[in-house]
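Reading through the structure tokens given below for one structure.
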Amino acid sequence: MIADSLTVALLALFAGLLAGFLAGLLAAQRMGPPPPAEAPSNVSGATEERLRAILDTAPIGVLINTRDGDNLYHSPSAATCFKVSGEQLQRDGMWPLYHDPRDRRAAIDRLYVEGIFDGQEVLLRRGDGETCMGSLSSTVIDFEGRRCHISWFYDLTEQKKADAVRRDLADRLEMALDATGAAVWDTDIQRGTCWWSDSFPRMLGYAEPPEMPADFWELRLHPDDRRRVLTTIDSHLRGETAAYAYDYRLRRADGGWMWIAAQGRAIRDASGRAVRYVGIMTDITERRRQEEEVRAGKERLLRILEASPIAVNITRRDGLLVFCNTQSEIILGRSRDDLLPMPAERLYADPADRQALIDRFEREGPFRDAEVRFRKPDGTIVWVLSSWGEIEMDGEPALLTWLYDINDRKAAEAAMVAARDAAERALADLRAAQESLIQAEAMASLGQLVAGVAHEINTPIGIGLTAASHIAEQARDLRVRFESGTLKKTILAEHLDTVTEAARLLVSNMNRAAALVQSFKQVAVDQTSGERRSFDLRIYIDEVLFSLRPRLKRTRVTVEVDCPEGLEMDSFPGALSQVLTNLVINALIHAYGEEQRGTIRIAVHPDGGEHIVIDFSDDGAGIPEDHLQKVFEPFFTTKRGEGGSGLGLHIVHSTVTGVLGGTVAVRSVTGQGTGFTLRLPRRIAREAAAPTAQPPQPGSVSGPVVPV
């Protein structure tokens, strides 16, 4: 701002000197001796040329115009400032340059009445259409024999913009100070004066700014704060501190007191002497009121905690106690003087317990009723319920712990645990025996499968062995004839026919045996390994039934399968094989008598995109209604005297609801058959394993049962 003002002053000085010189030059032209008669025009021309040469050097715009606006002269700076060419300015004159031509008419009328005006602000339009603000000074003169005026124009556009920015910054500063309840000051030590922002009197509650002499602030200091504050300032001004900050009370306009937080620093000259000091003040009355409320609240809290019948401790994060009540002394067996300087971990029977509680608190936040052991000085263990929370103590976060003595309860629990352990051991023995029976049943089923497959394989292997033996015998006979020279063409042809037929029988029966072995291998491996894989459900059902064919051949029961092709599952095929095998064997044993014809139907259909439904039904004897609720219970059977174990359907239920993650329901009408509906997920979750299914307890119905 100072540089801009200096520039304006220098330009004004130049304009004044130039105007004086021009006036003198024109006066000399009018008052000097008359030129010789033979050369009047040459003298006048030389004078005007000197005048133009001088005006051309002006750093501001200089113009000589007639009252009507014709331009008689303009300096190069004027053409540059107005962004027009010299030809255009001479052609069009001054009228197009005014933002409002009426402004020029009023100014010209005034000028030619008064003869001069100085520093009038005018609004002009440059050649590119941009508006500019300028300072215009004009004087009426005679030029080239005509009544006209000379004008000096200084462009104020950038200065006006800068002034607007400064005003805007000042306004923003005042708004920011008002919004934050703050004020700033600047004290000139040498002059003994102080400048305050407009927000300072408003902060004090003045509707209108009062008289503010140099001692205005000092006289309003609270008597109890005066010496401390002035000492702090003096110490800083002497250079003892780099900056200063302090809180104090200041009297408001209404006579009340407000709390101020002040921060500032001194500005020093080259010798280090303080010449000014500046700073900012903030109204912290509300903050101090809140701090006082917090202090009073803290005192009330400590009084309440002291009277609590439960042990209460407040601990810093470093483990040192900052408060404990009387009940803590009783539970921990130590006096308060012993507890307060003692690290908290030394009170625990196992110091690692406290670290575990800290980890839990950081992970979960406040928690309740953690069982912890403390050790008294005599070595006695004390069981407590520990509840943790967070509290602010002296401006820092701290742990608030509540301790409730549960020694009596722990003694009772110990007795209960002993009794429970004995019962659990008995239950574990029972479950182990039950699991062994279930495994034995599964292996027995696999043994029946092995026996049946071995019987089935005997036939194709026997035929193959006979064919191979016949081929060997024919080969020996052929060699004897060949070596004796009695081999004839007809005998060779017959031998080739025989070998061809025997080879066909051998290949077909070996293929049949291989198919039996492959089917048995897949089903047996699935049942014993429990591995999960993807498989085609229709193909796998056929493989399971193929492995059961030896058992089915001894009956007059047929099995019909209705399953879509290409129905993929990602599950545990061994478990599914066990379920289907048990359902088939259960039907053969319980649904049909000897030599009784019947049909077992297995119908499969998708249930949405994520599940499949397997409906297994027979047309046999059915299940009595009073037995229907018990079919899934372990060891329940109506054929115990005939070798039934009562585990077949129990294994079905446990496997479907456990390993396969599905549901199973049963329906039956006596004399009309029985049906089982299995609803299974097509894809078991990838993290699923093949856990051992827990058997339902005897006497309970652990699956959906739908009687018809």
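Values reported hereafter were calculated over all heavy atoms of this structure, with side chains retained and with hydrogens, waters and symmetry mates removed.
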Do you know the tightest heavy-atom contact between [X] and [Y]?
X: Leu204; Y: Leu250; answer: CD2-CD2, 3.8 Å
X: Arg316; Y: Val322; answer: CG-CG1, 3.6 Å
X: Asp188; Y: Arg276; answer: CA-CG, 4.1 Å
X: Glu211; Y: Phe216; answer: O-CD1, 3.7 Å
X: Trp185; Y: Gln263; answer: CH2-O, 3.9 Å
X: Ala107; Y: Gln120; answer: CB-NE2, 4.1 Å

For Ser77 and Ser75, what are the C-alpha separation, side-chain angles and deciding distance, and is it a side chain to side chain donor-acceptor pair (under 3.5 Å)? CA-CA 5 Å; Ser77 296; Ser75 66; 4.7 Å; no

Applying side chain to side chain donor-acceptor pair (under 3.5 Å), which residue pairs with at least one partner in residues 303-315 are found, sequence neighbours left out? Glu306-Thr326, Glu306-Arg336, Asn313-Ser328

Answer whether the closest heavy-atom distance between the side chains of [X] and [Y] falls below 4.5 Å.
X: Met281; Y: Trp196; result: yes
X: Phe361; Y: Glu390; result: yes
X: Val312; Y: Gln327; result: no
X: Ser387; Y: Asp369; result: yes
X: Arg273; Y: Gln190; result: yes
X: Trp257; Y: Arg251; result: yes
X: Leu230; Y: Glu218; result: yes
X: Asn65; Y: Ile108; result: no

Got a second to check how far [X]'s [atom1] is from [Y]'s [atom2], nearest 0.5 Å?
X: Gln355; Y: Asp359; atom1: CD; atom2: CG; result: 4.5 Å
X: Trp388; Y: Ser386; atom1: CH2; atom2: OG; result: 6.5 Å
X: Leu339; Y: Leu332; atom1: CG; atom2: CG; result: 5.5 Å
X: Ile60; Y: Leu136; atom1: CD1; atom2: CG; result: 10.0 Å
X: Arg67; Y: Cys148; atom1: CZ; atom2: SG; result: 13.0 Å
X: Ser137; Y: Trp152; atom1: OG; atom2: CH2; result: 8.0 Å

Flag for Tyr73-Asp56: side-chain donor and acceptor within less than 3.5 Å: yes

Are Asp283 and Thr285 close enough that a side-chain donor and a side-chain acceptor fall under 3.5 Å? yes

Strictly distance-based, threshold 3.5 Å: is any side-chain N or O of [X] a donor or acceptor partner for the main-chain N or O of [Y]?
X: Asn325; Y: Ile310; answer: yes
X: His74; Y: Ala79; answer: no
X: Asp215; Y: Leu219; answer: no
X: Ser151; Y: Leu63; answer: no
X: Ser135; Y: Tyr154; answer: no
X: Ser235; Y: Thr231; answer: no

Greater than 12 external heavy atoms within 6.0 Å of [X]'s [atom1]:
X: Arg288; atom1: CZ; value: yes
X: Glu364; atom1: CD; value: yes
X: Glu240; atom1: CD; value: yes
X: Arg238; atom1: CZ; value: yes

In chain order, what residues pass the ring pair (Phe, Tyr, Trp, His ring centres under 6.0 Å) check against [X], with sequence neighbours excluded?
X: Tyr248; result: Trp217, Tyr246
X: Tyr112; result: His149
X: Tyr206; result: none

Tell me, please, which residues at least two apart from Asp254 pass salt bridge (Lys or Arg N to Asp or Glu O under 4.0 Å). Arg252

Applying the side-chain hydrogen bond (donor to acceptor under 3.5 Å, both in side chains) criterion to Gln290, which one of Glu292, Glu293, Glu286 satisfies it? Glu286

Stepwise side chain to side chain contact (heavy atoms under 4.5 Å, CB included) test for Leu403 and Val372: CA-CA 9 Å; Leu403 307 178; Val372 186; over 6 Å; no

Please walk me through it: do Arg354 and Ile358 pass side chain to side chain contact (heavy atoms under 4.5 Å, CB included)? CA-CA 6 Å; Arg354 184 175 190 273; Ile358 291 175; 3.0 Å; yes

Name the atoms and distances for all side-chain donor-acceptor pairs under 3.5 Å in residues 121-130, with sequence neighbours left out.
{"residue": "Glu121", "atom": "OE1", "partner": "Lys160", "partner atom": "NZ", "Å": "3.4"}
{"residue": "Glu121", "atom": "OE2", "partner": "Lys160", "partner atom": "NZ", "Å": "2.9"}
{"residue": "Arg126", "atom": "NH1", "partner": "Cys81", "partner atom": "O", "Å": "2.5"}
{"residue": "Arg126", "atom": "NH1", "partner": "Asp155", "partner atom": "OD2", "Å": "3.3"}
{"residue": "Arg126", "atom": "NH2", "partner": "Asp155", "partner atom": "OD2", "Å": "2.8"}
{"residue": "Asp128", "atom": "OD1", "partner": "Glu130", "partner atom": "N", "Å": "3.0"}
{"residue": "Asp128", "atom": "OD2", "partner": "Lys83", "partner atom": "NZ", "Å": "3.3"}
{"residue": "Glu130", "atom": "OE1", "partner": "Lys83", "partner atom": "NZ", "Å": "3.3"}

Please walk me through it: do Asp570 and Arg682 pass salt bridge (Lys or Arg N to Asp or Glu O under 4.0 Å)? CA-CA 6 Å; Asp570 183 2; Arg682 293 182 63 177; over 6 Å; no

How far apart are the C-alpha atoms of Val140 and Arg147, what are their side-chain angles, what is the distance that settles it, and do they pass the side chain to side chain contact (heavy atoms under 4.5 Å, CB included) test? CA-CA 7 Å; Val140 177; Arg147 188 70 169 168; 3.2 Å; yes

Decide side chain to side chain contact (heavy atoms under 4.5 Å, CB included) for Phe323 and Ile391; before the verdict, give the C-alpha distance in whole Å, the side-chain angles of both, and the deciding distance to 0.1 Å. CA-CA 12 Å; Phe323 172 82; Ile391 189 174; over 6 Å; no

Salt-bridged, Arg287 to Glu291, with N to O below 4.0 Å? yes

